[in-house]
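For reference, the structure is listed below as structure tokens.
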Amino acid sequence: MAGRKRIVRSVLFVVAGLTLVTTAMVVAPLALSRFHIELFSTYLTYALVAVGLGMVFGYCGILSLGQFAFFGIGAYTVAMITSRVVGIGPGHVLPVVLAGSMLAGLFGFLLSYVAFSLKLGTLFILVTIAVGSLFQKLAIAETNLFGGINGIIMPYWIVPSDMRGLFRVFIGVLLVITTLLWLFVRSPFGRAIQGIRNKEGRVQSLGYNTVLLKSIAFAISTAIAGLGGALYAVTTGFVSPGVFSFSLSFDAVIWVVIGGLGTLSGPILGTLLVNLAKFYLSSVLLQYWIIVVGVLFIAFVLFLPHGILGALLPRRDAGHWLLRVRRGILEVLGMRARD
Amino acid sequence: MTHQSGNSVLLQTERLCKQFGGLAAVDNLSFQVYEGEIRAVIGPNGAGKTTLFNVITGHLKPTSGRVVFRGEDITRRSVHLIAQLGIARKFQITQVFGDQSVFDNVGLAAQRTACRSTWRLFGPCSIRDTVMDILARMHLEDKADWPAGLLSHGEQQCLELGIVLATGAKLLLLDEPTAGMSLEERAEMGDLLKDIAQDTTIVVTEHDFDFIKNVAETITVMNKGTKLAEGSVEEVECNQDVVDCYLGIGNA
């Protein structure tokens with residue numbers, strides 16, 4: 001029975017995942033030097049961005065090439081509050097981080113609600129690119145407010161002395177967020193959103209305010225990206241306009257596709273794989289690294305469109321527009337698409 | 001199957017016009033649909049039936065005129081608000097979510113009714129019984145777990161009917177529900193509609209006049225965007241104008 005095979009696969013996956021997570025939480029911090037821990041903690045915050053993007057792109061069909069704009073909002077919020085506002089101390093880290101996340105979510109909601117109300121459709125992708133660029137220029141230009149090109153250095157107490165503990169906290173945060181998203185996509189809201197991905201007009205005719213639903217979903221993804229940025233600020237103690245990087249925003253899509261489009265934990269795998277590979281291989285490959293990534297990305301889209309985890313996990317439905325694009329490309333190349 | 005006069009007006013259009021450039025797809029159309037009836041809207045291709053439906057459901061905004069539903073002017077409302085007010089549409093081309101199960105297809109519509117506000121959508125919605133009831137009425141309860149794309153065309157049409165039924169709408173607009181169906185399937189669909197009409201109001205457009213004769217109480221005939229004739233099946237069949245413009249109507 002196909003059902004039983006699915007259950008076995010899911011159980012195996014959960015077991016494998018838990019083993020991995022336990023290993024990561026317990027073993028890795030002990031085995032790594034402080035430099036590595038800081039670096040990998042950064043990758044974990046990137047993974048957070050990827051998870052949010054994976055939800056909004058994989059499940060809702062909304063492609064965003066500007067998630068790091070919201071990562072930056074989260075980072076800068078933390079930086080600005082901790083270094084500018086009087087009376088903020090180590091006990092306030094959590095609320096400040098949450099504030100960064102909320103602000104990113106709010107911006108994301110406002111931006112997408114306006115864009116979707118204007119029926120922008122595919123143009124929305126350009127809007128997301130523009131947002132990142134806009135914030136970056138703003139941060140560079142406004143030296144007094146945002147520290148200009150030099151960024152903001154946060155007070156000493158922001159970065160914890162126990163980096164190993166922070167690493168574990170980040171893994172915990174990733175787990176919690178992924179679980180919450182898992183519940184989210186299975187909720188009635190999540191089902192409606194996935195219906196919108198396939199046939200928005202149809203879902204609208206059923207009485208759903210699709211503009212509102214899409215905006216809420218996008219806001220959730222930007223709030224998660226903002227959370228990543230806020231945690232990044234806590235890790236490094238320093239923010240600069242580079243956090244709004246379009247390059248990273250674009251890379252995030254690659255992480256999601258390689259890791260598993262249409263899965264929730266796939267993006268985490270993709271982020272870690274690509275970034276770790278980059279870290280260890282770029283000294284060998286130098287500037288050719290970017291070619292390797294590009295080729296890898298194209299190969300995945302053409303031959304393994306559901307990514308690594310997507311190929312391993314049971315899939316419930318395949319109706320994503322990226323797959324339609326892929327089929328078109330393969331047709332042009334004279335190849336047949338095997339989903 | 002006599003027309004229930006004395007029932008309140010559920011939907012009415014007042015001098016409704018929809019122009020596309022120089023072409024009047026709907027031309028000064030005024031008609032009323034009464035609560036609880038089964039109304040057929042027929043006419044040759046291009047008569048404006050689908051445009052009329054599109055204007056009623058808010059997919060198109062009229063050039064002039066009004067659409068009034070249960071006393072409320074819904075002319076310029078958005079699609080989803082009109083749907084929430086109680087008008088459901090079954091489109092001409094089947095648009096089931098092929099990769100989703102039959103149950104989930106109906107469930108998407110049912111959960112909207114069960115969870116009225118957007119915020120309640122975050123929590124669980126108990127719709128299992130409602131959905132299985134509807135599937136049973138559509139004779140699809142055995143295939144509840146099937147991917148909808150695997151159903152036969154006729155079954156997909158029934159599924160679509162189930163979906164609009166699950167919205168709990170007061171008015172169902174059915175655009176050619178028997179398109180592509182065999183004779184037995186058409187008879188089944190006819191029985192289904194008569195069964196459903198006990199709880200709701202139906203407006204159906206069709207080309208199959210035998211089906212219409214079996215199902216509808218009143219017929220509105222459209223031609224070139226205007227109302228050509230309106231009345232019971234016998235009245236319409238004998239109407240010379242109708243016969244003239246709709247040659248072969250008895251043979252459809």
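Numbers restart at 1 for each chain; the letters A, B, ... are given by sequence-line order, proteins then strands. For the numbers below, each heavy atom of this structure counts, side chains included, while hydrogens, waters and symmetry mates do not. Note that this is a predicted model, so its numbers are computed, not measured.
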Backbone N/O of A:G207 and side chain of B:R112: donor-acceptor pair under 3.5 Å:
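Between the backbone of A:G207 and the side chain of B:R112 there is a qualifying donor-acceptor contact (under 3.5 Å).
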
Residue part contacting chain B, namely of A:L183, when any heavy atom lies under 4.5 Å:
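Nothing of A:L183, per the 4.5 Å heavy-atom cut-off to chain B.
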
Decide if atom [atom1] of [X] counts as having more than 12 heavy atoms of other residues, nucleotides or ligands within a radius under 6.0 Å.
{"X": "B:D145", "atom1": "CG", "value": "no"}
{"X": "A:E331", "atom1": "CD", "value": "no"}
{"X": "A:L333", "atom1": "CG", "value": "yes"}

Considering all heavy atoms of both residues, which atom of [X] and which atom of [Y] are nearest to each other, and what is their separation?
{"X": "B:F91", "Y": "A:S205", "answer": "CZ-OG, 3.5 Å"}
{"X": "B:V96", "Y": "A:R202", "answer": "N-NH1, 4.3 Å"}
{"X": "A:Y208", "Y": "B:H80", "answer": "O-CB, 3.1 Å"}

Look up atom CD in B:Q111 and atom CG in A:L206, then write down how far apart they are to the nearest 0.5 Å.
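B:Q111 CD to A:L206 CG: 9.5 Å, rounded to 0.5 Å.
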
Pick from B:I163, B:T167, B:L81 with the largest number of heavy-atom pairs that fall under 4.5 Å of chain A:
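Looking at each of B:I163, B:T167, B:L81 in turn, B:I163 comes out on top.
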
Which residue out of B:L108, B:I127, B:I82 racks up the most heavy-atom pairs below 4.5 Å with chain A?
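Result: the option with the highest number of such pairs is B:L108.
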
Just to be sure I understand the criterion: a residue of residues 221-228 of chain A counts if one of its heavy atoms is under 4.5 Å from a heavy atom of chain B. Which ones qualify?
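Against chain B, none of the residues of residues 221-228 of chain A fall inside the cut-off of heavy atoms under 4.5 Å.
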
Measure distances from B:A88 to the heavy atoms of chain A and classify the residue's part below 4.5 Å as side chain, backbone, both or neither.
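No part of it gets close to chain A.
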
Could you please state which residues from residues 52-79 of chain B sit under 4.5 angstrom from chain A, measuring non-hydrogen atom to non-hydrogen atom, sorted by number, or 'none'?
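Only B:H59, B:V79 of residues 52-79 of chain B have a heavy atom under 4.5 Å from chain A.
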
